[in-house]
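Since we're looking at a predicted model, the values are computed, not measured.
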Amino acid sequence: TGVQTCALPIWAFFLVPPATAFSIYYALFMCGFLAGYQLLFLRLGVPAWLAVATAVMMYFSGLTQFWWTTFAPLISGLPWILLILLASVSWWKKAIVFAWAFPALVLSFTYPMLLLTFGWGSLILILAFRRPLLRSPGDIAAIASGVLATAVALYAYYGDLIPIMRNTVYPGHRISPSGGTPILVVLSQIFPFLTVSLSDYKNLTGENVCEIGAVGAFLPLLTLCLTRYRSLRDDLRTRNTLLILLAGFAVFTLWELAPLPAWIGRILFWNAGASQRWLFTSGFLLTLASLSIWSRNLISVQPFRITLFVLIGPVASLLLKIAWLTHKGEPAEAAFSESLDDILLCGLAVAAGLAAWYIPAVARAPLLVITIALMNVYAFAGFNPLQPAGPIFEVPDTPIVRMLRKEAAASPNGVLVDTSFLGATLNGLGFRSVAHAQMAPNLALFRQYFPAMDPERFNLIFNRYGYIGLKQNAVPELRGAVVIEMPMEVFVPVRNVRRMVLAPASPGACSQPPAGGIDRVYQQENRLAVEGWAPWSAETDAQGVRVLSARPLVPGPLSTVTRPD
């Protein structure tokens with residue numbers, strides 16, 4: 001069945017070369033997404049051509065494309081879970097399928113906050129379209145079987161990890177208040193190109209391009225302009241559906257934008273993640289609200305309405321973007337230059353609007369909807385371009401890779417200490433890199449490097465999921481919630497290049513000011529062992545130890561270790 005898109009792609013790695021399996025992995029998610037949402041919309045009564053076009057809009061939206069390599073399993077699997085729930089089959093058949101489908105979805109990418117938003121969105125969808133399901137003991141039992149199976153599977157997989165992560169500073173004790181989403185990001189649900197430069201996908205607001213992604217298209221504005229409001233007023237069923245969906249959208253949007261009371265987040269668990277994590281669900285509900293009007297044919301595609309849409313949609317979006325760029329300090333010429341793709345898309349919308357005046361009325365709506373779907377394709381398809389997967393598994397022989405290999409070869413045990421990369425990049429390239437992604441904290445390991453660090457600050461920095469990065473810092477520092485910057489010198493492997501020189505003692509030889517000291521002198525079989533320290537922060541072959549003795553000595557080995565202090 002379609003929900004197998006959550007689990008089946010992994011099996012390809014046992015059957016075909018890794019690059020092919022990787023391609024199958026994402027190709028199946030892509031097919032699962034497009035087919036799943038199209039079938040879901042059909043089940044909710046949306047015309048076939050509109051269901052296809054809307055699925056394409058959602059796939060080629062900012063949030064889907066920007067988060068695709070992270071959230072693909074979840075956002076592709078969600079419609080199939082809903083399709084099973086809405087299916088007209090016996091409750092026990094649903095229970096059996098849910099007992100497999102729920103764990104398959106959750107284990108595909110175990111991100112509790114996103115799953116929580118899916119749960120709330122699904123509840124509102126059921127309230128809007130299928131309220132009897134909430135009064136059906138059989139359907140409730142089927143859902144319960146899926147939840148129970150998921151709990152068992154999660155404990156089997158993560159039973160040892162859950163207590164560790166629950167006690168972390170991040171994400172275990174994270175508290176994320178409401179109101180952290182920039183207003184332009186929320187507006188991009190109806191003006192889809194507002195927050196990103198389409199030429200190079202540079203974010204125009206927010207901390208990075210992923211955090212400004214929204215499920216946005218011009219479909220809600222088109223629906224707003226074409227709706228026959230008198231007919232909607234008389235259609236009680238559609239009006240109630242629309243009110244529920246828009247109420248859910250409004251509540252989630254308030255959480256994204258407004259500083260709501262903290263107790264709301266505590267009670268509903270909404271404060272367990274950033275407010276931006278609600279953008280998929282709020283955009284999905286807004287899309288469903290638009291489709292509920294189209295599915296009841298409550299639209300009128302007249303020239304005035306088409307002109308109104310073009311003006312308050314694509315044209316207004318272009319002007320808002322240029323105004324925002326100039327507000328940020330860019331010259332008008334640069335703002336227009338950065339908006340060339342937007343100008344092109346606006347021109348396409350204007351052309352489609354004019355063409356719709358002169359074609360038969362029955363073809364006007366498909367022309368406009370397909371046009372705005374194609375606008376999304378043009379805008380966002382380039383973010384995840386189709387390209388060979390082979391280079392991911394065959395490390396290219398580039399100057400940078402050769403330099404890294406040289407550094408690793410010159411380092412004891414091949415440990416690579418490099419400040420230019422973050423996360424798991426170098427580990428993925430096959431290097432024993434200090435810079436890596438720490439999925440779960442290992443406090444005992446870091447305490448070896450920083451034994452004298454204040455316990456409270458040590459726990460704040462290291463007791464978290466995070467990316468280890470190396471800098472020229474004197475002490476560990478926290479950058480944001482997930483970036484831990486470490487002093488590079490602590491991890492530089494010792495090469496033992498320092499030399500020991502023996503010389504006879506002479507008057508005044510030790511009269512220079514002392515630096516460092518001798519900690520211990522003891523006999524080791526027929527040798528004299530001396531342990532001490534010197535104030536060296538890095539190792540060079542110009543450093544060394546000079547031993548002065550009144551009696552002849554035979555030199556022994558000189559071994560250097562790094563002290564955390």
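Atoms CD1 and CG, on I212 and L63 in that order, are 10.5 Å from each other to the nearest 0.5 Å. Atom OG1 of T64 is separated from atom CD1 of I75 by 4.5 Å, given to the nearest 0.5 angstrom. Expressed to the nearest 0.5 Å, how far CH2 of W67 lies from CG of L114 amounts to 9.5 Å. The CD1 atom of I175 lies 8.0 Å from the CZ atom of R266; values are rounded to the nearest 0.5 Å. Here CD of E211 is found 9.0 Å from OG of S275. Values are rounded to the nearest 0.5 Å. In this structure, the separation between CG on L198 and CG on L204 is 8.5 Å, given to the nearest 0.5 Å.
Relative ring orientation between F380 and F193 is described as tilted, the plane-to-plane angle lying within the 30° to 60° band.
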CA sep, side-chain torsions, deciding dist, call: T223, W294, side chain to side chain donor-acceptor pair (under 3.5 Å):
CA-CA 8 Å; T223 307; W294 287 79; 2.8 Å; yes
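A pairwise comparison of heavy atoms in L86 and R43 identifies O-NH1, 3.3 Å as the closest pair. Minimum interatomic distance between V315 and L311 (heavy atoms only, all atoms of both residues): CB-O, 3.6 Å. Scanning all heavy atoms of the two residues, the minimum distance from L74 to S108 falls at CD2-OG, 3.8 Å.
For F393, the CZ atom is densely surrounded, since the number of other residues' heavy atoms within 6.0 Å is greater than 12. No more than 12 heavy atoms of other residues, nucleotides or ligands sit less than 6.0 Å from atom CG of L386. Heavy-atom contacts from other residues, nucleotides or ligands closer than 6.0 Å to CZ of F191 number more than 12.
No donor-acceptor pair under 3.5 Å is formed between the side chain of S337 and the backbone N or O of E333. Side chain of T326 to backbone of A323: a donor-acceptor contact under 3.5 angstrom is found.
Ring centroid separation for the pair F280 and F252 does not come in under the 6.0 Å cut-off. Checked against the 6.0 Å centroid criterion, the rings of Y59 and Y37 do not qualify as a close aromatic pair. If you look at F33 and F29, their ring centroids are not closer than 6.0 Å.
In summary, R277 and E256 do not engage in a salt bridge, as defined by a charged side-chain N under 4.0 Å from a carboxylate O.
Residues T253 and S282 have side chains that never bring a donor and an acceptor to within less than 3.5 angstrom of each other.
The shortest side-chain heavy-atom distance between L345 and P314 does not fall under the 4.5 Å cut-off. When side chains are defined from C-beta on, F218 does not count as touching M57, because their heavy atoms never get closer than 4.5 Å. Between V52 and L34, every side-chain heavy-atom pair lies at or beyond the 4.5 Å cut-off.
Remark: M439 engages A437, Y465 in a side chain to side chain contact (heavy atoms under 4.5 Å, CB included) (not counting sequence neighbours).
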